[in-house]
Amino acid sequence: MKKSVLALLAASSLLGGCAQTVDYVNSHIPETPSINFGSNDLENTASKMTTKMLSSPAVASITSGRKHPIVVVNNIQNNTSSHVDTASLTDTIKSKISRSGKFKFAEKSRVDAVRQQMNFQNDDRFVNQSTAIQFANMVGAQYMLYGNLTNTSKRQNGQNVPFYKMTMRLMNTKSGAIEWTDTGLAPKGDSQGW
C-alpha cells in the first residue's frame, strides 16, 4: 500500500510540474447586471450627492477660514408610495459628512431636547421654512441639510422605467438661503424584469 501511495504521489508531482499556471488576479470575469435594485442604489445615490455637496463651491466658501460650521441633518423624507429605509439613507449622509471633517454636527441630546420641546418626532416634516430655521437656531446649527424622495420615471429602450428621485438642500439657518441643492436618480426596487 505504501508503494502505491508513493507511486501516486510521484505521478501527480510529475504531472503537476507540466501544468501551466493561471493568473486569476489579472483575469476579467464579467459582472452580471443586477435586475433587483434596492436600498444599495439609494444609498449610493445619497453618498454621491453628499460628495457633490461637500466638493461644491458653496461648501468650499462656507468652510474656508472658519472653524467647522455646525450642521443639523434632517431625516430624508419619503414622499413615495414605497417603503424606504430613510433612516439608513440619512445615516449614509451623516457618515460621509463626518468623514469629510468639514462640518460638526449639532449635539444629539440638544437636537432631541428641542424636538421634544417643539413636539416633533424624528420623522416629522418641517411644515415651513421658518419652523425649520427656528429649530436649527435652537440647536445651535448654522446650516440644515434636508431632502426628500419622490417617484419619477425615465424613458429607457422605449419603456418608462420607474426611479426614485432624491433631492437634497443645504440651507443657511440665519438667512434662510439655500446654499446648495441637487437631485439624483436611483432605480426603483420594485421594477423587476425590465
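- Under the side chain to side chain contact (heavy atoms under 4.5 Å, CB included) criterion, Lys104 pairs with His68, Ile70, not counting sequence neighbours.
- Within the structure, salt bridge (Lys or Arg N to Asp or Glu O under 4.0 Å) pairs that include any residue of residues 136-161 do not occur (at least two apart or interchain).
- Annotation: side chain of Met168 is in contact with side chain of Thr50 (closest heavy-atom distance under 4.5 Å).
- Within the 4.5 Å cutoff, the side chain of Ile133 has heavy atoms near those of the Met171 side chain.
- With rounding to the nearest 0.5 Å, the separation of CG in Asn148 from CG in Asn79 is 5.0 Å.
- Residues Tyr164 and Thr152 form no side-chain contact, since every pair of their non-hydrogen atoms from C-beta on lies 4.5 Å or further apart.
- The line from OH of Tyr146 to CG of Asn74 is 9.5 Å long, rounded to the nearest 0.5 Å.
- Formation of a donor-acceptor pair under 3.5 Å by the Ser98 side chain with backbone atoms of Lys94 is not found in this model.
- Side chains of Thr150 and Thr167 form no contact here, defined as non-hydrogen atoms less than 4.5 Å apart.
- Judged as a side chain to side chain contact (heavy atoms under 4.5 Å, CB included), and not counting sequence neighbours, the contacts of Ser153 are Asn160.
- Rounded to the nearest 0.5 Å, atoms CE (Met53) and CD1 (Ile97) are 4.0 Å apart.
- With rounding to the nearest 0.5 angstrom, the OG atom of Ser82 is 5.5 Å from the CG atom of Asn151.
- Residues passing the side chain to side chain contact (heavy atoms under 4.5 Å, CB included) test with Ser47 are Thr92, Lys96, sequence neighbours excluded.
- Between the NZ atom of Lys188 and the OG1 atom of Thr80 there is a distance of 6.0 Å, given to the nearest 0.5 Å.
- Here Gln134 pairs with nothing under the side chain to side chain donor-acceptor pair (under 3.5 Å) rule; sequence neighbours left out.
- For residues 161-184, the set of pairs meeting the salt bridge (Lys or Arg N to Asp or Glu O under 4.0 Å) definition, not counting sequence neighbours, comprises Lys52-Asp182.
- Here the CG-CG distance, from Leu42 to Leu149, works out to 5.5 Å after rounding to the nearest 0.5 Å.
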